[in-house]
Structures are given as structure tokens and as C-alpha cells.
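Before any comments, here is the structure.
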There are 2 protein chains.
Amino acid sequence: MANDRAPTRIQRKNRAAILDAALNVFSAHGFRGATVDQIAAEAGLSKPNLLYYFPSKEAIHTALLSGLLDTWLDPLRALEDNGDPLEEILGYVRRKLQMSQELPRESRLFANELVQGAPRIHEALSQDLKALVDEKAALMERWMDQGRIARVHPYHLIFSIWSLTQHYADFDVQVRAVLGEEDPFAGAPDFLETLYRRLLTPRP
Amino acid sequence: MANDRAPTRIQRKNRAAILDAALNVFSAHGFRGATVDQIAAEAGLSKPNLLYYFPSKEAIHTALLSGLLDTWLDPLRALEDNGDPLEEILGYVRRKLQMSQELPRESRLFANELVQGAPRIHEALSQDLKALVDEKAALMERWMDQGRIARVHPYHLIFSIWSLTQHYADFDVQVRAVLGEEDPFAGAPDFLETLYRRLLTPRP
DNA sequence: TCATGATTTGACCATCTGGTCAAACTCACG
DNA sequence: CGTGAGTTTGACCAGATGGTCAAATCATGA
């Protein structure tokens, strides 16, 4: 059995292959829409073989989500009180947008989970995520008190960054259907920079 | 059989009940995650009875989507060249936000479909939706040419309105988990009005 | 009222799905 | 090379799922 000793070479390879395949399938069909057979096929394993590495479909999903949640929140964690507040926030926007471009599957994995009520990560949202957002919102509020950025509702400001950047990954089909040939990520960075500059530049 | 003659009273009632139940189930679980039994139960019908009114699960889904697409795009259609451009756009934002508040199931239905690659409405997106957006983007571009609103990429402007408003319906769980007690729709209208005023107010 | 079409249902079916298991195979290392 | 742990698989299972059908029930207007 795959116990909790140091993983063998084969274990590492197969676990990684399974998680990658699961990311493809879960992000494309949601939890209930994904099938173990499909994940196994995509990972190049038989179904029983896959279930030798993870005890259940649920376990794969959980492993994926919890393994990715940290990565997902890293850009926000990196928002700190160094230098110019506006540049800090613009940096966060840029990093988030870049993640949408480079990790669209991860974005859609979370989008699927959230839009369906987040039954499996609700706790992480109201614990870890809330704590992190509370902290960063407080930081932004301090910047506003000091007049270094314009005053807006800090939580809604954070929501806006999430929604504006993840939109390009989560609703990629729609964006591309509307834009036609034009690459979404050509115009997005400029648009978002303009938006947040105008929103947050301190006004007299 | 339910043919194409004028629908009876019972037909109207049951079809409506089915579509309402289907909206609940599809918006909560996505297409593959929804089951016919679940929809039938929620509509207060037996499964064979439900399948007497719609030939298949797919047919229910299609009927729902195409019936709702028009409603969904109405606010954008209402954006026209009357009065002040900025107020026109703010009105659009307000209507969209109101829809997120009042019709969250509809929003999540589309969100589910889009995030999973929109296999069933891809055509409507690249035909009707694209045409409508092209038209309204052109209108906005005219306003920008006339200096009546500040210049930004008109397509990304429209995407931003979609993402910022629908976020509150689609990712409701996350928003509420982070906000705690505070009602999301308390702060959202002000935040969005401020955002679009600052973004679009013509600058010297 | 009663005949006829509309509506409803229990029983059923084929397929899919998550998961199990014992047997077979492979690999690393003494 | 042999051996025991690690790995893989074909066959299988129970329950869920989309869908069918003939028979029963209901509603309505002539």
C-alpha cells in the first residue's frame, strides 16, 4: 500500500500525473461532472491503479484544492507595506492577471467549486481566506487614512481585483467569442492598470 | 403527447414548474452534476411525467438557456444614446448589479455553463452576443471620440461590468464568507458607482 | 354522460459510475 | 539471482442515472 513513508520515484511520478489529470477534468466539468475513469485515462493509468494512490474521487479533489489554495493566495500575501501603496496594489493586480493567463485551469477549478456553493472548501474560505483578507483590507484602510490612496470600500476593492482578473480565465470562452481574433491578454493589463490608477490615485 | 398546439392550463403550469426546478438544480450543480430525478422531485413530478413534457435532460437545459439568454442581455440592449453617456453606463451597471441580486440562479446557470467551456451555447455567444457587444462597444467608442467619457478599451470596459456585477451572484459564498455579517449588496452599488465615475469621467 | 385525448405512473432496462479484490507482475536490493 | 515490498490489472459489484413503455387515471367538451 502507498503508506506514509518516503515516496518512491514511481509514487511521485504517478501522484503528480493523477493530480495534473484531475486538474484538467475537475476544472472542465466540476466535481460531480468529473469521472474517475476520465481522470485515470488522462493520467495514463487504469482506474484501480489510480485508486491505489488515492482512496477516492473526493480525496483527489481535496488534495488538489488544498494543495492549490496556498498558491492561489500567494499574490495577496505578497501585498505589503513596501514603497508606494498604489504600486503595491497594481503589482497585486498584475500578478493576479498573470495567474489567470498562466494557470487558467486552477482558476476554473476554484470557480467551479465556488459557483456550486463551495461545499468542500467553505471552511477554508471563512477561516484562512477571511483572515488573510481582513489583514490586507486593514492595510489598505491605513493607506486610505494616510491619504496615500483614494478612499473606497477595501473589501469590495479586493473583490473587484479578484473578479476582474479571474474573469479572463473563468469565462475565457465568452471573452474570446466576443473579441474574435484579438488576444484578451493584449488589452487587459493596460485596461486594469488604467482602471486602478484612476480609482485609487489620491484626489485633492 | 405534448404536441405543438396551444398549451393547456396543465401544460403551462407543469412546464413552468419544471423549468423553475431545473433552474435550481442546474445552477447549483452544472449540467452533468444535475440529475433528472432531482429536477422531477423539485418540480413535484415523477420522472416519467417530467419526461412527458421534455424529451430529455438536454432539452430542459437548452430550453432554459435559450429562454433566459434574452432576459440576460436586456440590460445591455437598453444601453442607448439618450442623455448623458456616463449616466447611461452607470444605469447599465446598476441594472446588472440588480440582476445579480434578484436573479442569482440565472447568473450561476450561465456561470456554470461558461466556466465549463459553454459547449451548449457557444454558437449564441459568437453570434448574437458578439453582435450585440460589437454594437454597444461602437457606441461607447463614439462617446469617447466625442470626449464625453474618458477613453478606455470598450470591450474590456464591458467585460469589467459583467465581471464586477456577476461576481456578487456567482461567487456569493466566497463574498459572504469574507464579509461575515455585512450584506454584500450594501456596499456594492456605491463602490461600483465610484469606480465607474472615476474611470470614465472625462479628464482635461 | 361518456368518449377521447391529455396526463400520470409503476415497472423496467441498459449504461455508467465509484469502488473492491485477489491475483499477477515489477522492481530494488541483499 | 531471489525475495519481499511495491505496483498493476481484469473481473466484479452495488447503486445511480437517463430514458422507455404499456397501462391506468383524469379532464373536458360534444
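Sequence lines set the chain letters: A, B, ... in the order given, protein chains first and strands last, and positions in each chain run from 1.
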From NZ of B/Lys47 across to C1' of D/dT20 the rounded distance in Å is 10 Å
Per nearest nucleotide of DNA chain D, the residue lying toward the 5' end, B/Ile10 or B/Pro48, is B/Pro48
query: Hey, mind stepping through B/Gln174 and A/His122 against side-chain hydrogen bond (donor to acceptor under 3.5 Å, both in side chains) and telling me if it holds?
result: CA-CA 8 Å; B/Gln174 179 173 253; A/His122 198 277; over 6 Å; no
Rounded to whole Å, the CD1-P distance (B/Ile39 to D/dG19) equals 10 Å
Worksheet item: Under 3.5 Å, side chain of A/Lys96 to main-chain N/O of A/Ser163, donor-acceptor pair present?
Response: no
Taking C/dG18, D/dG6, D/dA27 as options, the one with an atom nearest any side-chain atom of B/Arg9 is D/dA27
Q) Taking only side-chain nitrogens and oxygens of A/Asn49, does any of them come within less than 4.0 Å of OP1 or OP2 of D/dT7? A) no
request  = Indicate yes or no for a side-chain donor-acceptor contact from B/Glu88 to the backbone of B/Glu80 under 3.5 Å, with no hydrogens or angles considered.
outcome  = yes
Distance test, side-chain N/O of B/Ser46 to OP1/OP2 of C/dT9, below 4.0 Å: yes
B/Phe54 atom CZ is separated from C/dT8 atom P, nearest whole Å, by 13 Å
When rounded to whole Å, the CG to C1' distance for the pair B/Asp37 and D/dG18 reads 8 Å
From CD1 of A/Ile18 across to P of C/dG19 the rounded distance in Å is 13 Å
Of C/dT8, C/dA6, D/dG6, the nucleotide closest to the side chain of A/Thr8 is D/dG6
From CG of B/Leu45 across to C1' of D/dG19 the rounded distance in Å is 16 Å
Note to self: Taking the cut-offs as 6.0 angstrom to the six-membered ring centre and 45 degrees off its axis, would you call B/Arg105 and B/Phe26 a cation-pi pair?
What the structure shows: no
Legend entry - Distance-only donor-acceptor check, side chains B/Glu182 and A/His153, under 3.5 Å: yes
With a 3.5 Å cut-off and heavy atoms only, can you find an N or O donor on one side and an acceptor on the other between the side chain of A/Lys57 and the base of C/dG19? no
- prompt: Does A/Gln11 put a side-chain nitrogen or oxygen below 4.0 Å from OP1 or OP2 of D/dG6?
  reply: no
Students often get this wrong, so: under 4.0 angstrom with heavy atoms, is A/Ala34 touching a base, only sugar-phosphate, or nothing?
sugar-phosphate
Query raised in the report: When all nucleic acid strands are considered with a 4.0 Å heavy-atom cut-off, which category describes B/Ala59: base, sugar-phosphate, or nothing?
Result: nothing
Whole-Å distance, A/His61 NE2 to C/dG19 P, equals 13 Å
Testing D/dG19, C/dT17, C/dT20 for proximity to the side chain of A/Leu51, the answer is C/dT20
Atom OH of B/Tyr53 and atom P of C/dA6 are separated, to the nearest Å, by 11 Å
Taking only side-chain N and O atoms of B/Tyr52, does any of them lie within less than 4.0 angstrom of OP1 or OP2 on C/dT9?
no
